[in-house]
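Whatever order the structure lists them in is the order used to number ligands and atoms, beginning at 1. Both backbone and side-chain heavy atoms feed into the values below; hydrogens, waters and symmetry mates do not.
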Amino acid sequence: MNNIVLIGFMGCGKTSVGIRLSYRLKQTFLDTDNIIEKEQGIAIAEIFATKGEDAFREMETQCIEKLLEDPIKHIISVGGGLPVREENRKLLSSLGKVIYLQASPDTIYERVKHDTKRPLLQGDNPKKKIAELLEKRENIYESVAYATVCVDGKSFYEIMDEIEELVKDRRGDRSEHENTSN
Ligand code: S3P
């Protein structure tokens, strides 16, 4: 069995879906942001403020490298910017079945509009920031995904059912990796 790796933009529901899926599939749930915060002993926003985004991106790469060595297979949610590094995309493909949770800019905005913890969405006009960043990242997410699940207007149950169907066969190795976006 292989890991299930959830990717997607901030607010697409990676963590909420991942936790519920981990109960359903009786697998542990891990979140790269959470791992990094624990290791560093400070919140992501503080890492960005004190060490800078580049340092955070390096931490993300190291986090994925460590997960690749873990013999236990998990449900893993990764930070929204992690797949942007090409190096990380290669690592993600080896890590497991990568599922892209695709959300529209409106869905994302509704979910994150009161958020104060995500440094990239602070400041004026978060709606514009979301649209711009999502446009830059959409193809990147698609390119690394084994499959895409659109989350707009769907319940957690519907999203989980779709993921479960997609990952039915998880003896997976790299040869299984192909983009089956729908
Ligand atoms: C980021 C997404 C965040 C977190 C950091 C940067 C991004 O994770 O890693 O604030 O670049 O999209 P979530 O996607 O879990 O919010």
Side-chain angles (χ1 to χ4, degrees), residues 3-22 28-67 74-92 95-145 148-152 154 156 159-160 163:
N3 293 297
I4 297 175
V5 185
L6 302 178
I7 65 164
F9 203 81
M10 294 171 266
C12 71
K14 298 176 296 260
T15 308
S16 324
V17 171
I19 290 172
R20 287 167 176 82
L21 197 60
S22 79
T28 34
F29 172 74
L30 293 178
D31 173 77
T32 57
D33 284 346
N34 204 260
I35 294 171
I36 293 170
E37 285 184 328
K38 273 194 196 146
E39 273 174 8
Q40 297 295 315
I42 49 174
I44 302 289
E46 224 176 316
I47 298 174
F48 268 69
T50 59
K51 305 187 179 191
E53 183 174 346
D54 285 351
F56 174 70
R57 299 301 174 196
E58 194 49 45
M59 291 170 199
E60 288 190 311
T61 300
Q62 285 168 13
C63 184
I64 292 294
E65 281 169 347
K66 276 188 212 156
L67 286 171
H74 312 274
I75 312 289
I76 301 170
S77 153
V78 311
L82 188 143
V84 174
R85 262 195 180 192
E86 195 189 346
E87 187 186 353
N88 292 352
R89 291 203 288 282
K90 287 189 187 132
L91 297 173
L92 284 177
L95 192 59
K97 284 212 159 159
V98 180
I99 306 292
Y100 168 32
L101 299 186
Q102 183 187 50
S104 70
D106 287 344
T107 300
I108 292 165
Y109 177 69
E110 279 311 308
R111 292 186 186 173
V112 302
K113 63 184 175 190
H114 301 303
D115 182 272
T116 55
K117 292 184 178 157
R118 292 176 170 104
L120 297 182
L121 299 181
Q122 305 311 307
D124 295 338
N125 212 340
K127 215 170 191 170
K128 192 166 166 243
K129 281 188 191 161
I130 290 167
E132 286 172 357
L133 206 51
L134 188 59
E135 205 190 324
K136 279 191 202 153
R137 290 181 176 179
E138 187 91 59
N139 289 344
I140 292 175
Y141 292 142
E142 293 271 3
S143 75
V144 70
T148 298
V149 172
C150 177
V151 300
D152 294 332
K154 290 183 189 155
F156 287 127
I159 298 167
M160 285 194 290
I163 297 175

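Using a non-hydrogen distance threshold of 4.0 Å, Glu53 does not register as a contact of ligand 1.
For the residue pair Gln62 / Glu39, no side-chain donor-acceptor distance below 3.5 Å is found, with atom types taken as modelled.
For ligand 1, none of its N or O atoms has an N or O atom of Thr15 under 3.5 Å away. Taking any N or O of Lys117, backbone or side chain, none lies under 3.5 Å from an N or O belonging to ligand 1. Not one N or O of Asp31 is nearer than 3.5 Å to an N or O of ligand 1, by distance alone. In terms of polar-atom proximity, defined here as any N/O pair under 3.5 Å, Pro119 makes no such contact with ligand 1. For ligand 1, the polar-atom distance check against Phe48 finds no nitrogen or oxygen pair separated by under 3.5 Å.
Of the charged side-chain nitrogens involved, none lies within less than 4.0 Å of a carboxylate oxygen, so that Glu132 and Lys129 do not count as a salt-bridged pair.
Looking at residues two or more places apart in sequence or on another chain, you find a side-chain contact (heavy atoms from CB on, under 4.5 Å) between Lys117 and Asp115. Remark: Asn139 pairs with no residue by the side-chain contact (heavy atoms from CB on, under 4.5 Å) rule, at least two apart or across chains.
Across the listed options Arg118, Glu37, Arg57, Arg57 owns the non-hydrogen atom lying nearest to atom 11 (O) of ligand 1.
Contacts of Met59 with ligand 1, taken as heavy-atom pairs under 4.0 Å, are absent altogether. When non-hydrogen atoms are compared, ligand 1 lies under 4.0 Å from neither the backbone nor the side chain of Gln122. At a heavy-atom cutoff of 4.0 Å, ligand 1 is contacted by no atom of Thr32, backbone or side chain.
Nearest heavy atoms, Ser77 versus Thr15: OG-OG1, 3.8 Å.
Of the protein's heavy atoms, Ile44 CG2, 3.8 Å lies nearest to atom 5 (C) of ligand 1. Closest to atom 9 (O) of ligand 1 among all protein heavy atoms lies Asp33 OD1, 2.7 Å. Taking atom 12 (O) of ligand 1 as the reference point, the nearest protein heavy-atom neighbour is Arg137 NH1, 2.6 Å.
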